[in-house]
J.: 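One structure coming up, written as structure tokens, with questions to follow.
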Amino acid sequence: MTVRLRFSPAPTGFLHVGSARSALFNWLYARRTGGVMVLRIEDTDVDRSRPEMIAAIHDNLRWLGIDWDEEYRQSERFEQYREVTKKFVDSGQAYYCDCSREDVVARVGENAGYDGHCRDRGVEPPDDGGAGDGDGDNRSVVVRFRTPDSGVTAWDDLIRGRVEFENEVLEDFVIVRSNGVPMFHVANAYDDLDMNITHVVRGEDLVNTTPRVLLLREAMGATEHPVYAHLPLIVNEQRKKLSKRRDDVSLGDYAERGYLPEAMRNYLITLGWGAKDDIEIRPIEEIVERFDLADINKAPAFFDIKKLDHFNGEYIRQLDLDSFIEQSQSYAGDVDGELYARLAPFVQERVRRFDEVPATIDWVVGESPQVEPKDWKKVMTKDGVDKVLDLVLERLTDVTWEPEALADAVLGAGNELGLKSQLPVRIAVTGRRSGMPLFEPMAELDRSVVLDRIKAARDRL
RNA sequence: GCCCCCAUCGUCUAGCGGCCUAGGACACCACCCUCUCAAGGUGGCGGCACGGGUUCAAAUCCCGUUGGGGGUGCCA
């Protein structure tokens, strides 16, 4: 039997890092086993689904290098789900319920779930034939699945081991909304069965829906279930599940900030999985070779931007110069292409994200930035800085305007005075204490600009 | 409240009964390299949550405690 996995996002927004990681683990296992990767858009909630998000999800997945072999949309399969729920009602495995949330709360309180009130009340479907016809006019009647009162529903999770739920605590859950649209459980259970999904790899936040899906599958006549693997969640510094509201989770935003997809992909994989040989940064082919769902960790993992930045820096430095230039130039702003190409080798060595490019080259392509007060104080208030700048000014006036000569002039002036000259000149010309090597980029500036900047600094002392 | 899950350095991980005086990575600190920074190199700091078992032997198995998290919708 061929391995078949599916990634099933709901198109309610852009892909976020948690979903991306789920997609990745599915994809990794599919590629590892020579299996099939299915992309299934779970858009059963008509009100929340944004069809335009589907294209965005495609883009995000492709950006990460994830491809898929088959694609489905649940909204195109409503008829099949209705057929199933109809059968459930006909056979007594499900029933109509007209309780409002308020009714239930009044009966059992806030903390309890549905009490099975309508199980045997024989609630009639509305005149139009009942929930499930999708015409939306039977607002208050839903279909609920009759869950067993005893026994356990359990599965052997590939990551977590055996997980058991007492059927007693499973309430009769809604399988068809009052607008006639089936709930995701039904679509999910039906599709996994219909599409012969063999491995379900998803976030741990879905564990508690698994017994429902298992029960539904059994009601549909399934005798076997897929292997489930519930991934540990990705959490923020507060150890809470990454959320759209409070955390930076949009994959697209990371792309915009200048993270390389290879770096993001590689980093995401280390959240919950590590190679036996301790090597973290490596080509995706090697990861595919080594990957196994069973080796994934159980504990939640913190999304550590600092480590992501490190990974990204590594990948940026691995780029050959031409592709670095090609990929980073759009971040550089309005710069002459040839000038940027000359600066690029210095830039590539120190940025960790492309969005750091502007602040690296700004003093060459624009005005010298404002000096941070504490940098000024640290460098320019030392004794002798005035002498250094005076002498440098003198030497720079008629020196040959090329890097080597500039270095000799500036450093030579310092040596002559027995003082450090590089840092004061750097502050004067670049506005910063750190950055690219000074002299090559400095040679790109006009002599007058450099002299003016140094004079201005000298005057400010 | 009820249900489910989790627990190795600050963080991500290796470890799946003896190879562990617990390894690697990020971060941090120091030194080297060096026109600054970064990169690189070297070294350092730092952990098996706690308590009981089981065993000749436990980070590894079992139980409990504590601490976290997830779920509890006519979202997925």
Side-chain angles (χ1 to χ4, degrees), chain A residues 8-12 19 42-45 47-49 74 97 100-101 109-114 131 139-144 157 159-161 163-166 168-171 173-185 187-188 202-211 230 232-233 235 237-241 267 270-281 295 297-311 313-314 317 346-352 360 379 406-407 410-411 414 420-423 425-427 430 432-440 442:
Chain A
S8 344
T12 51
S19 316
E42 304 220 329
D43 51 355
T44 54
D45 187 338
D47 297 331
R48 291 192 184 205
S49 291
Q74 291 189 327
C97 167
S100 67
R101 173 68 191 154
E110 284 289 350
N111 286 329
Y114 180 67
R139 281 161 302 283
S140 57
V141 178
V142 299
V143 177
R144 286 183 184 272
D157 198 279
I159 295 171
R160 268 142 230 293
V163 182
E164 297 189 340
F165 284 80
E166 298 283 343
E168 196 186 346
V169 307
L170 266 26
E171 62 190 79
F173 54 93
V174 173
I175 57 173
V176 183
R177 300 169 170 89
S178 56
N179 68 0
V181 178
M183 293 285 292
F184 81 96
H185 303 102
N188 194 280
R202 25 119 88 143
E204 195 200 341
D205 50 344
L206 274 321
V207 262
N208 55 96
T209 74
T210 304
H230 286 96
L233 263 17
V235 298
E237 42 283 286
Q238 279 82 241
R239 299 252 121 208
K240 304 232 190 268
K241 180 170 81 161
Y267 175 68
T270 67
L271 262 29
W273 183 83
K276 308 262 182 253
D277 59 8
D278 278 337
I279 297 173
E280 294 185 317
I281 297 181
D295 294 332
N297 266 336
K298 293 194 262 264
F302 170 61
F303 189 79
D304 187 354
I305 302 271
K306 284 197 172 165
K307 189 156 179 173
L308 205 212
D309 281 347
H310 175 260
F311 273 45
E314 291 275 326
R317 272 174 263 120
F346 306 121
V347 178
Q348 182 177 11
E349 282 178 53
R350 52 213 97 214
V351 298
R352 294 150 80 89
T360 307
V379 177
L406 291 177
V410 172
L411 301 179
K420 297 287 184 190
S421 58
Q422 191 262 151
L423 234 25
V425 173
R426 177 179 287 276
I427 289 279
T430 78
R432 296 201 177 85
R433 290 173 56 210
S434 61
M436 296 185 287
L438 225 206
F439 305 110
E440 288 83 352
M442 197 165 104

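Below, chain A is the first sequence line, B the second, and so on; all start at residue 1.
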J.: Indicate whether OP1 or OP2 belonging to B:rA14 is found under 4.0 Å from a side-chain N or O atom of A:N297.
T.: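 Yes.
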J.: Choosing from B:rC6, B:rC74, B:rC35, which nucleotide comes nearest the side chain of A:P437?
T.: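 For A:P437, the side-chain atoms sit closest to B:rC35.
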J.: Of the nucleotides B:rC12, B:rC74, B:rA76, which one has an atom closest to the side chain of A:V174?
T.: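 Nearest to the side-chain atoms of A:V174, counting from C-beta on, is B:rC74.
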J.: Looking at A:R101, does any N or O in its side chain come under 4.0 Å of the phosphate oxygens OP1/OP2 on B:rU72?
T.: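 No, no such contact exists.
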J.: Both A:I159 and A:D43 contact RNA chain B. Taking the nearest nucleotide for each, which residue is further toward the 5' end?
T.: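 Counting from the 5' end, the first nearest nucleotide belongs to A:I159.
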J.: Of the candidate nucleotides B:rG40, B:rG15, B:rC4, which contains the atom at the shortest distance from the side chain of A:R317?
T.: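 From the listed options, B:rG40 comes nearest.
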J.: Among the candidates B:rC35, B:rU11, B:rG70, find the nucleotide nearest to the side-chain atoms of A:L411.
T.: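 Looking only at heavy atoms from C-beta outward on A:L411, the closest nucleotide is B:rC35.
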J.: Among B:rG24, B:rG71, B:rC6, which nucleotide sits nearest the side chain of A:K307?
T.: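 Of the options given, the side chain of A:K307 lies nearest B:rG24.
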J.: Does A:T44 put a side-chain nitrogen or oxygen below 4.0 Å from OP1 or OP2 of B:rA76?
T.: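 Result: yes.
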J.: What nucleotide among B:rA38, B:rA7, B:rA39 has an atom nearest to a side-chain atom of A:K298?
T.: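 So the nucleotide nearest the side chain must be B:rA7.
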J.: Taking 4.0 Å as the cut-off, does a side-chain nitrogen or oxygen of A:K240 come that near to OP1 or OP2 on B:rG69?
T.: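 So the side-chain polar atoms of A:K240 do come within 4.0 Å of the phosphate oxygens OP1 or OP2 of B:rG69, strictly under.
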J.: Which nucleotide, B:rG71, B:rC35, B:rC75, lies nearest any side-chain atom of A:Q422?
T.: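 Per side-chain heavy atoms of A:Q422, the pick is B:rC35.
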J.: Please tell me which of A:L308 and A:L423 maps to the more 5' nucleotide of RNA chain B, matching each residue to the nucleotide holding its nearest heavy atom.
T.: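 Looking at RNA chain B, the more 5' nearest nucleotide goes with A:L308.
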J.: Of the listed nucleotides (B:rG1, B:rU11, B:rA38), which one gets closest to any side-chain atom of A:E349?
T.: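 So the nucleotide nearest the side chain must be B:rA38.
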J.: Among B:rA38, B:rU11, B:rA14, which is the nearest nucleotide to the side chain of A:R350?
T.: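 It is B:rA38.
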J.: Which listed nucleotide (B:rC75, B:rA14, B:rG71) is nearest to the side chain of A:K241?
T.: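 Per side-chain heavy atoms of A:K241, the pick is B:rG71.
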J.: Examine B:rA7: is either OP1 or OP2 under 4.0 Å from a nitrogen or oxygen in the side chain of A:R160? Give yes or no.
T.: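 Checking A:R160 against B:rA7: no side-chain N or O falls below 4.0 Å of OP1 or OP2.
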